[in-house]
Amino acid sequence: MEPAPKSESELLERARTLSGLTFFEAAARLALTVPADLLHHKGWTGQMVEQLLGATAASRDVPDFEDLGIELKTLPVDANGRPVESTFVCTVPLDEIAESEWSHSRVRRKLGRVLWIPVQGERRIPMAERRIGEPMMWSPSSDQEATLRFDWDTLAGIIGRGDIESITGHLGVALQVRPKARNASARRWGRDEDGVRVERMPRGFYLRSSFTHAIVRTHYGLEPI
DNA sequence: CCGTGATCATTC
DNA sequence: GAATGATCACGG
């Protein structure tokens, strides 16, 4: 485990030293073995990069680099720099979202400052041969924040009314709500339309790949790797 | 048990 | 093929 970086520039410099490395080379620095595939190791890449960069959060609800207020996200992309997956942001606080507002929301806190690390994400590339790309330090532009806020207001409004069961992944321009659970029978406490506590399937906020693709394009123009 | 790290797998 | 719904592992 690396020591935590002391500044944003130090973090960014350290991230730049990773770009170009294969997963095999990066994992070797930590004496890790690269899994053959991600079926039983879905968070492996993100956790490896956390360790390489000295992230401190350890799956608590705080920024990965707590002292710097920076979130770390690996972003699997194809050869054209298009994200091959949506990006998980945070869980939906089912029990309290009715009383919260955008400015204090978990989503805004998470996305205020993000260090994106593109990585090759195509399944046809063997895990050990995939490469890490150039890091992108990002904060939402005013347009991006307005988009996120609009989606959040829409989704939080529906959830706050107790109508989360009506939400599907189709809703939202940039931000969507989808299941986020151990399996389809998992339950959390939420509230129905009358404010009565009821059990719900756990959900998470996700960024659509169209949104993260725009981040990549703004940073590089084109190919990030 | 829950939130974080995500990707898998089925559907459209 | 892309997008939605379902799922897997780990740390605290």
Side-chain angles (χ1 to χ4, degrees), chain A residues 1 15 23 26-27 30 32-66 69-97 100 105-107 109-111 114-127 130 132 151 155 158 164-190 197 199-214:
Chain A
M1 174 61 84
F23 286 9
L30 301 165
L32 296 178
T33 304
V34 183
D37 61 68
L38 293 175
L39 176 56
H40 296 284
H41 306 274
K42 293 182 181 179
W44 185 84
T45 310
Q47 285 158 356
M48 174 180 71
V49 173
E50 280 184 347
Q51 285 189 51
L52 286 165
L53 295 178
T56 52
S59 74
R60 294 169 298 138
D61 180 24
V62 295
D64 292 302
F65 299 95
E66 199 169 357
I70 297 173
E71 185 71 18
L72 177 66
K73 291 280 179 204
T74 55
L75 184 66
V77 297
D78 68 15
N80 298 313
R82 184 165 217 287
V84 300
E85 286 290 347
S86 56
T87 299
F88 171 71
V89 179
C90 59
T91 51
V92 175
L94 289 173
D95 203 26
E96 54 184 61
I97 198 165
S100 56
S105 67
R106 226 182 248 186
V107 174
R109 262 189 290 142
K110 289 276 180 188
L111 298 182
V114 180
L115 180 62
W116 298 96
I117 312 279
V119 299
Q120 290 183 321
E122 291 173 292
R123 290 192 212 180
R124 63 178 177 77
I125 307 177
M127 278 291 290
R130 295 185 194 181
I132 299 173
D151 284 342
L155 294 161
I158 296 170
I164 195 171
E165 302 304 333
S166 75
I167 294 179
T168 70
H170 296 88
L171 199 52
V173 175
L175 196 63
Q176 59 180 174
V177 166
R178 308 216 309 272
K180 170 65 172 171
R182 185 68 181 78
N183 57 48
S185 55
R187 292 293 181 271
R188 293 281 185 291
W189 288 108
R197 280 160 58 79
E199 295 195 304
R200 302 290 200 193
M201 171 178 300
R203 320 285 175 118
F205 286 108
Y206 295 80
L207 293 175
R208 292 184 180 281
S209 57
S210 55
F211 186 83
T212 51
H213 192 192

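Note on naming: letters A, B, ... go to the chains in the order of the sequence lines (proteins, then strands), and numbering restarts at 1 for each one.
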5'-most contact on DNA chain B (nearest-nucleotide basis), A/Asp61 vs A/Asp37, goes to A/Asp61

Residues forming a side chain to side chain contact (heavy atoms under 4.5 Å, CB included) with A/Pro202, sequence neighbours excluded:
A/Ala181, A/Ala186, A/Arg188

Test item: A/Arg130 side-chain N/O and A/Val119 main-chain N/O as donor-acceptor pair under 3.5 Å
no

Listed partners of A/Glu71 passing side chain to side chain contact (heavy atoms under 4.5 Å, CB included), at least two apart:
A/Pro63, A/Asp64, A/Lys73, A/Lys110, A/Val114

With distance as the sole test, does A/Asp151 use its side chain to make a donor-acceptor pair with the main-chain N or O of A/Ala174 at under 3.5 Å?
yes

Of A/Arg106 and A/Thr45, the one whose nearest nucleotide on DNA chain B sits closer to the 5' end is A/Arg106

Residue pairs passing the side chain to side chain donor-acceptor pair (under 3.5 Å) test where at least one lies in residues 34-44 of chain A, sequence neighbours excluded
none

For DNA chain B, stems built from three or more consecutive Watson-Crick or G-U wobble pairs below 3.5 Å
B:1-12 with C:1-12

Which is true for A/Pro202 with a 4.0 Å heavy-atom rule: it touches a base, it touches only sugar-phosphate, or it touches nothing?
nothing

What is the distance from atom OG1 of A/Thr45 to atom CD1 of A/Ile117, rounded to the nearest 0.5 Å?
12.0 Å

With a 4.0 Å cut-off on heavy atoms, is A/Thr74 in touch with a base, just the backbone sugar-phosphate, or nothing at all?
sugar-phosphate

Listed partners of A/Glu96 passing side-chain hydrogen bond (donor to acceptor under 3.5 Å, both in side chains), at least two apart
none

Please tell me which of A/Arg60 and A/His41 maps to the more 5' nucleotide of DNA chain C, matching each residue to the nucleotide holding its nearest heavy atom.
A/His41

Looking only at non-hydrogen atoms, find the nearest pair between A/Arg208 and A/Gly172 and report the distance.
NE-O, 2.8 Å

Under a criterion of less than 4.0 angstrom to any heavy atom of chain A, what are the 5'-terminal and 3'-terminal contacting nucleotides of DNA chain C?
C/dA3 to C/dG12

Taking for A/Glu85 and for A/Leu39 the nucleotide of DNA chain C with the nearest heavy atom, the one nearer the 5' end belongs to A/Glu85

Could you give the start and end, 5' to 3', of the contact zone on DNA chain B for chain A, using atoms under 4.0 Å from its heavy atoms?
B/dC2 to B/dA9

Taking only residues two or more places apart in sequence, or in another chain, which ones meet A/Tyr206 in a ring pair (Phe, Tyr, Trp, His ring centres under 6.0 Å)?
A/Phe88

One thing to verify: whether A/Arg82 and A/Glu122 come together as a salt bridge, which I'm taking to mean a side-chain N less than 4.0 angstrom from a carboxylate O.
no

Which residue pairs pass the side chain to side chain donor-acceptor pair (under 3.5 Å) test when at least one of the two sits in residues 173-185 of chain A, sequence neighbours left out?
A/Ser86-A/Arg178, A/Gln176-A/Arg178, A/Asn183-A/Ser185

Output all residues satisfying side chain to side chain contact (heavy atoms under 4.5 Å, CB included) with A/Arg109, sequence neighbours left out; order by chain, then residue number.
A/Asp61, A/Arg106

side-chain hydrogen bond (donor to acceptor under 3.5 Å, both in side chains) with A/Thr87: which residues, sequence neighbours excluded?
none

Can you sort out which residues in residues 167-183 of chain A have a heavy atom within less than 4.0 Å of DNA chain C? Ascending by number, please.
A/Thr168, A/Gly169, A/His170, A/Gln176, A/Arg178, A/Pro179, A/Lys180, A/Ala181, A/Arg182, A/Asn183

